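Numbers restart at 1 for each chain; the letters A, B, ... are given by sequence-line order, proteins then strands. Predicted model, so just to flag it, every value in this text is computed and none were measured.
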Amino acid sequence: MAMHVFSYRLKCLLRDKESVFWTLAFPVLLATMFHFAFGHLMTGEPAFEPIPVAVADGAAYQSNFALRQMLEAVSADGENQLLRLTVVDREQAERMLAAGEVVGVILPGEGSDTGDATSVSLMVTQSGIRQSILKALLDEYLHSYATVSSIAAANPVALFGLIGELGARESYTQQVSFSDVLPDSSIGYFYALLAMTCLYGGFWGMRNTNDLQADQSPQGARRSLAPTHKMAVVLCDWAAALVVSFGEVLAVLAYLAFALKVQFGSQVGYVLLTCAAGCLAGVSVGTLIGTMVRKSEGLKVGILVGVNNLMCFFAGLMFVKMKDIIARNAPVLSYINPAALISDAFYSLYVFDNHRRFFTNIAILCVLSAAMCLVSFMQLRGERYASL
Amino acid sequence: MLISVRDLVKRYGNLVALDHFSLDVREGEILGLLGPNGSGKTTAINCILSLLRYDKGTVEIFGRPMAPDAYESKRDIGVVPQNVAVFNELTVEENIDYFCGMYVEDRAVRRGLVQEAVEFVGLADFRRFYPRKLSGGMLRRLNIACGIAHKPKLIIMDEPTVGVDPQSRNSVLEGIRKLNEHGATVVYTSHYMEEVEQLCTRIVIMDKGRTLATGTKDELKAMINRGETITVEIYALQDEDVERIRQLPNVASVEYDDNRLTVRYANGQHNLLTLLDFLKSRDLSFEKVYSERPTLNDVFLEITGRQLRD
């Protein structure tokens, strides 16, 4: 009997196209959008194009060996090419600037009131990040040139020791990683997406409660009249909802891993465990709302969506700092918010090699889910209704 | 008694939906629960089936108190609710199999029962159809199949023909008669008096949550002081003739309006013959003549002063 009820429940849920869209197709669409929106973050390869720049050719440029060498080095073909250099006379360079063919014009021998031949200035027609890069490059060149010139004049012997260190940059902070996984700044978005998909399991829980209660649907009334023990039907429905929800999360996970090539590292087993606990919580939230709110299906769906969004908001899935604000000002909320627990479980997997915090989150999720199910199942037991 | 209801009281706030309602259903009968919309028929059925909480009274089915967990009793009850209660995601055959499976575990037995039910309601050609693709009449028939596939001893049907086309309605009524012939006891609620008259062996007329009258249709009609009504289309009838018709035997009242003569009789026999003889003797020509026996509506009208369809 249980298998009969369970298998038909699976059929009903899987053929509910509207709910399948929101709980499966919608997260997949969102994941695809994330993939394109955060593609550069994921690959770690910012699409940098060499900056087109012109140099005014002339005696000053030809005589400035250091400047020529520096510009040729940064415009050499390869991975580190910074500039796409064009050496033309000044008039031609200005025409190119006016036509927008180059971002700026480097003017050797200009920019000094004293007529210093080694001076250099930059001509641009607008401000922007590429113009700022050009200016920073020339400032750096001038600074280094001045340093080398001063040392050469004051202590030529010391020049040989210092020249190699000029280009070196010293870092006074040290990056320490809690895990051996290379950090990927985009993975947090995908964990958030998985958490949301888990919570969308609430739609299945709610659908179940509608089909179980005589005062919510004719199907509920008919099933309440059957000689099958009500709790058996409740549990079979609940199990079917959990299976469908978990199956959908697995499908989304597979799409992320295989189609979008999102790297989940070596923690896949724990990611699956988090998804299972998340689905349990999602279905339980939907079951609880569907049981306690004795109103129309539309209103209940609205309440479920609102509650899910609120939980996600408090968990920082929409505004990252909110998680810290809640943790500082209302820490209890973090412990009873399934969305916060799911996202924190993913976060702890991402950040820590130690799984203590992860298992704490999973345990609290399971306890919360059990409590919600207990309240719902008590309500769903075979009772008479006040009105139909 | 298959069903025994005593002094059932159900209130919705200040509204009394069932007012000391009592009912007995005997084995093998088709009991009609007749009353206008809002008379408490569905509330009574839902209380009997333990879906609704009630304030007072007792309900016994198969001699056992009825309760939400009375699974032994529920096993032998089939219910056809007023609203179509099927799953849109399951086909005709799957819906019947699903609900039948909640009563019958053996898959092989169930397969036979589902087959029978599909054929019984005439949906054999539509077994793979989803409910959305069915017409209103077909949906109603599917609703019936889901309620009776497990061959229950007691079938409770709550307005099963609402919104059904006349052809489907006749098929449904014929089906109910067959179920009864095969041994099922049927409780049939409706506000269509013609259906109840045509189908039921015993009728309970109810209004405002109370039982007004119980009996066979003949017993109910005998309760009122009214026989047949004869209507004649006749032109230029004089007042003098109307007065003479009023003096004929068994005549209770006479009306003549818009070339239509309506004669109501208290009771008695050969009233039509007597009236036609009178018209012939007066050399009065007429066109159409109708004779109507009293209906359950007349019974309801007599008891409540209101039409059944109000």
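No more than 12 heavy atoms of other residues, nucleotides or ligands shown are found within 6.0 angstrom of CD on A:E297. The local environment of CE in B:M1 is crowded, with over 12 non-hydrogen atoms from other residues, nucleotides or ligands closer than 6.0 Å. Applying the 6.0 Å contact sphere to OH of B:Y12 captures more than 12 heavy atoms from other residues, nucleotides or ligands. In this structure, B:E105 places its CD atom where only 12 or fewer heavy-atom neighbours from other residues, nucleotides or ligands lie under 6.0 Å away.
Looking at A:A214, only its side chain comes within 4.5 Å of chain B, counting heavy atoms on both sides. Residue contact with chain A, scored on non-hydrogen atoms closer than 4.5 Å, is absent for B:D106. Of the two parts of B:C146, the backbone and the side chain both hold a non-hydrogen atom closer than 4.5 Å to a non-hydrogen atom of chain A. For chain A, the nearby part of B:R110 is the side chain; its heavy atoms alone come within less than 4.5 Å. For chain A, no part of B:Q82 is nearby; none of its heavy atoms comes within less than 4.5 Å.
A side-chain donor from one of B:D97 and A:Y8 sits under 3.5 Å from a side-chain acceptor of the other.
Counting heavy atoms from C-beta on, the side chains of B:V84 and A:P218 never come closer than 4.5 Å. When side chains are defined from C-beta on, A:R15 counts as touching B:L90, because their heavy atoms get closer than 4.5 Å. Two residues are said to be in side-chain contact when any heavy atoms from C-beta on lie closer than 4.5 Å; A:K11 and B:F87 fail this criterion.
Minimum interatomic distance between B:K74 and A:A226 (heavy atoms only, all atoms of both residues): CD-O, 3.6 Å. Contact record, B:K10 with A:A386: NZ-O, 2.8 Å, taken as the closest heavy-atom pair.
For the set B:L51, B:N83, B:T42, B:V86, the entry with the most heavy-atom pairs within less than 4.5 Å of chain A is B:L51. Of all the listed residues (A:S217, A:P227, A:S387), the one sharing the greatest number of non-hydrogen pairs under 4.5 Å with chain B is A:P227.
Both the sub-6.0 Å distance and the 45° axial angle are satisfied by A:R222 relative to the ring of B:F99.
The distance from the OH atom of B:Y103 to the CG atom of A:L225 is 6.0 Å, given to the nearest 0.5 Å. Distance CG/B:D69 to CZ/A:R381: 10.0 Å, rounded to 0.5 Å.
At a threshold of 4.0 Å, the pair A:R9-B:E89 does not count as salt-bridged, since none of the basic side-chain nitrogens sits closer than that to a carboxylate oxygen.
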When you look at B:N46 and A:Y385, which way does the side chain to side chain contact (heavy atoms under 4.5 Å, CB included) test go after all the steps? CA-CA 10 Å; B:N46 287 333; A:Y385 297 86; over 6 Å; no
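Using the six-membered ring where Trp is involved, A:H4 and B:Y98 have ring planes that are parallel, under 30° apart on the 30 and 60° scheme.
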